[in-house]
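Reviewing the structure listed below.
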Amino acid sequence: MLGDSPIQSAKILLAQSQAQFLNHLMNLPFNVANHLDAALRNAAARLGLTERSFQPEVRVADPANGDFQANGALAFAKREKQNPRALAQQIVDQLGQLQGHFDISLAGPGFINFRLKPATLLGWLQTYDSEEHLQSGAASARDGQTWIVDYSSPNTAKQMHVGHLRSAVIGEAICRLLAFSGAKVIRDNHIGDWGTQFGKLIWAYKRHLDAAALVSEPLEEFERLYKLGSNAAEADPAVLAEAQQELVNLQSGDAENHVIWKKINDVSLAAFQQIYDQLGIKFDVMLGESFYNDKVERVYRELAECGLAQESQGALVVFHPEHPRFAKQPFIIRKKDGAANYASSDLATALHRTEHFKVDGAAYVVDFRQSDHLDQLFLTVEKWFGKTGRKLPQLEHVDFGTVLGENNKPLKTRDGANIRLKDLLDEARLRAFQLVSSKNPDSPETERRGIADIVGVASVQYADLSQNRSSDYVFAWDRMISLEGNTAAYLLYAVARIRSIFRKAELDPTQPPVAGATAPETPQEIALARKLVKFPNAVQLATSTLRPHFLGLYLYEVAGEYSTFYAADKVIVDDPAVRARRLLLCHRTLIMLETGLHLLGLRTDLERM
RNA sequence: GCGCCCGUAGCUCAACUGGAUAGAGUAUUCGGCUACGAACCGAAAGGUUGCAGGUUCGACCCCUGCCGGGCGCACCA
């Protein structure tokens, strides 16, 4: 090899044996924070603190202070009226076996700081070498659990609009995060396929259907028909009566109406699927309201029998006397005309998910405005299942805010209509195409289109996922697609540049030649390596809180550290040990960025951009 | 009226659920391409965390009261 001297060879051998030693004897597990947590608990047990419920409180630290910190001594000392700093010192004295991997120090009133040694960083990076390996090493917090995620849930016979974006995007990320932590995930599209709108729609369908439009633009045609039927019914009571009869016929099993209804749903779902394909979504089941149609009677009966439901103003309702609002605000589970509503079908749904799918948890990815409804639903299910001896699944409302325009009002078109999701994604791809073209005027158009399709859609997804789902978010094309700051494009750019290095050096990025890599040495190498080691913590935090933005923020920081490293340290250098360790950093950055982006539901399959 | 959510740099957002000097991007100013992609990197500047109290070793975070905004509250989901 170029420039190989006996000293360098010896260095490489030494590094290799060091690495093997680390791997075989004392390499750290995937989740370093968990390892520290266990070690601290052991130390506390030896000091007799465990009986007094000592908690280590291990956190990712500010890099200036270390890699991880344990704050548990502070809370414990406060409770026990001890000197926190002295207590922390006692604990540190018990941590001798960690000193091979960490520089341990005390700071402030009693923080214990852990800084990973470069050789340990190297060993960790060498061990976790592929997306599969990251998955298998991930904290298996939900191993063996079954979760159902209820998301997207549009109404059939209507376009999906911007209001459906967040549920779809956040829901898919939640699914992937749950699956990554070991859960079996059932993706359920709880579609609205059984509303009162079908009377007017079927009335118009029978009389005014444009067969050509049904093929080319089915959802537009249904919307046209619905409007037509609705207007006609308003203008003419006779039409209204006919439309109501169509609805009655449908609900009583009339064959012709059922065929039309089925046709409308099938066509709607096929159109939805074009959106889902772009967003990387594939549902396992689509159990909409119609599915639960014949399952609500049992809900009425059971809730009445166990004394939860009562008649009020002609409706069947549930009150929660212990609750400040729901003591007076009823949960209406059957309307006074005897018909079901969404409370009825949501209760039937909860029962079905428990009985049929035997779920351990259910996540409802639904607008924050439905908090009251879901609170009432969860309270009712809890009492109902308690009285009937059923196991209660963990019920989570994964709520999110509104998508706003730049005027801080809900996002609409200029004339006040809802923005169709299809148009929004088309525009994202178009804007990305214009940008890609301006940056790469010489690449072939097909390649630019391919890049733009990935970058455009990813930008929309990531804009949503990169911020706390609880708050409203302002949709601004320029910030989203201008590709600066915490955006999908910035992350994908890092991916593309890493691939570019492997391409230039004619190396296979799946088989990087990293043998003989030495421990990270330059400040930029060390900073990057230290950031990469925290991947499991970011995933764990995002998963346990069901908040994908924690992972997004982490990936952005990884990409930032990588860019700094890239600008400072050339990868393809002559010194084989330096080159190997930088290739190692590049490759591990690549797999963590890709794994993380895949967890968020984004595509990363681009070579250039 | 009752209740839920929100208020952080000019703007858009973070702050690991009570931890260290509240951090990023953007806009502004300055610097960096004959080193693997400058869609990049580095630096400066920018703050009484809506206001006023309280709790404690420690508060953007918890409690109380105000101010401002959004959203729910009897049969549309």
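The analysis underlying the following values was restricted to heavy atoms, covering all of them including side chains, and did not include hydrogens, waters or symmetry mates. What you are looking at is a predicted structure, and each value in this text was computed from that prediction instead of being measured.
Looking at heavy-atom distances under 4.0 Å, A:Thr545 makes contact with a base. Note on A:Ser312: a base of the nucleic acid sits closer than 4.0 angstrom, heavy atoms only. Nucleic acid contact class of A:Phe111 (heavy atoms, under 4.0 Å, all strands): base. Residue-level contact check: A:Arg503 touches neither bases nor backbone, having no heavy atom under 4.0 Å from any strand. At a threshold of 4.0 angstrom between heavy atoms, the contacts of A:Asn468 are confined to the sugar-phosphate backbone, with no base atom among them. A:Lys504 comes within contact range of the sugar-phosphate backbone alone, with a heavy-atom separation under 4.0 Å but no base atom that close. If you check every strand for non-hydrogen atoms under 4.0 Å, A:Val573 touches nothing. A:Leu492 comes within contact range of no nucleotide atom at all, as no heavy-atom separation falls under 4.0 Å. Backbone-only contact: A:Asn341 has heavy atoms under 4.0 Å from sugar-phosphate atoms and none from a base.
Distances from the side chain of A:Gln69 to the nucleotides B:G58, B:A38, B:A20 place B:A20 closest. Of the candidates B:C13, B:A74, B:C41, B:A74 carries the atom nearest the A:Ile332 side chain, counting heavy atoms from C-beta on. Side-chain atoms of A:Pro330 lie closest to B:A74 of the nucleotides B:A74, B:A38, B:C13. Closest to the A:Val60 side chain, of the nucleotides B:G19, B:C16, B:U17, is B:C16. For A:Arg547, whose side chain is taken as the heavy atoms from C-beta onward, the closest listed nucleotide among B:G70, B:C41, B:U17 is B:U17. Nearest nucleotide to the side chain of A:Lys336, out of B:A77, B:G18, B:C75: B:C75. The side chain of A:Thr564 approaches B:C41 more closely than any other nucleotide in the set B:C75, B:C40, B:C41. Out of B:A14, B:G72, B:C75, the shortest distance to the side chain of A:Gln313 is found at B:C75. Looking at the side chain of A:Arg325, the nearest of the listed nucleotides B:G3, B:G19, B:C75 is B:G3. Closest approach to the A:Ser563 side chain among B:C40, B:G18, B:C75 is made by B:C40 (side chain taken as heavy atoms from C-beta onward).
At whole-Å resolution of the value, CG in A:Asn31 and C1' in B:C16 are 13 Å apart. Distance, A:Leu491 CG to B:C40 C1': 14 Å, rounded to whole Å. Atom CE in A:Met480 sits about 19 Å away from atom P in B:G25, given to the nearest Å. Rounded to a whole Å, the NE2 atom of A:His323 is 11 Å from the P atom of B:G3. If you take CG of A:Asp67 and C1' of B:C16, they are 15 Å apart, rounded to a whole angstrom. Protein atom CZ of A:Phe475 is 16 Å distant from nucleotide atom C1' of B:C13, rounded to whole Å.
Stacking here means ring centres nearer than 5.5 Å and ring planes tilted less than 30 degrees, and by that measure A:Tyr490 does not stack onto B:A39.
In this structure, A:Lys335 does not reach the B:A74 phosphate: none of its side-chain N or O atoms is under 4.0 Å from OP1 or OP2. Of the side-chain N and O atoms in A:Ser471, one or more sit less than 4.0 angstrom from OP1 or OP2 of B:A14. Taking side-chain N and O atoms only, A:Arg369 has no distance below 4.0 Å to OP1 or OP2 of B:C73. The side chain of A:Arg59 contributes an N or O atom lying less than 4.0 Å from OP1 or OP2 of B:U17. In terms of phosphate contacts, A:Ser500 brings a side-chain nitrogen or oxygen within less than 4.0 Å of OP1 or OP2 of B:G37. Checking the phosphate oxygens (OP1, OP2) of B:A77, no side-chain nitrogen or oxygen of A:Tyr342 falls inside 4.0 Å. Look at A:His549 and you'll find a side-chain N or O under 4.0 angstrom from OP1 or OP2 of B:A15.
Side chains of A:Ser437 and A:Arg448: a donor on one and an acceptor on the other come within 3.5 Å.
The base of B:A77 lies outside donor-acceptor range of the side chain of A:Ser153, with no N or O pair under 3.5 Å. Remark: the A:Lys78 side chain and the B:G58 base include a donor-acceptor N/O pair separated by less than 3.5 Å. Side-chain to base pairing of A:Asn113 with B:A20: one donor and one acceptor N or O lie within less than 3.5 Å of each other.
Base orientation of B:U17: syn, since the glycosidic angle falls within 90° of 0.
At least one donor-acceptor pair closer than 3.5 Å links the side chain of A:Asn468 to the backbone N or O of A:Ser470.
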Next item on the list: Could you please spell out the steps behind the ring-ring contact (aromatic ring centres under 6.0 Å, His included) verdict for A:Phe565 and A:Tyr562?
Entry: CA-CA 5 Å; A:Phe565 157 74; A:Tyr562 181 78; 5.7 Å; yes
Margin query: Using the rule given for side-chain hydrogen bond (donor to acceptor under 3.5 Å, both in side chains), can you reason through A:Glu246 versus A:Gln244, listing the C-alpha separation, both sets of side-chain angles and the distance that settles it, and then say yes or no?
Written below: CA-CA 5 Å; A:Glu246 297 289 8; A:Gln244 283 168 340; over 6 Å; no
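Comparing the P positions of B:A24 and B:A15 gives an interatomic distance of 15 Å, to the nearest angstrom.
Between A:Lys158 and A:Glu223, no side-chain nitrogen of the basic residue sits less than 4.0 Å from a carboxylate oxygen of the acidic one, so the salt-bridge criterion is not met.
Taking for each of A:Ala567 and A:Asp472 the nucleotide of RNA chain B with the nearest heavy atom, the 5'-most of the two is the partner of A:Asp472. Residue whose closest nucleotide on RNA chain B sits further toward the 5' end, between A:Asp337 and A:Val474: A:Val474.
By the 30° and 60° cut-offs, the orientation of the rings of A:His161 relative to A:His164 is tilted. Taking the six-membered ring where the residue is Trp, A:Phe331 and A:His373 present tilted rings, their angle falling between 30° and 60°.
Heavy atoms from other residues, nucleotides or ligands lying under 6.0 Å from CD of A:Gln89 number more than 12.
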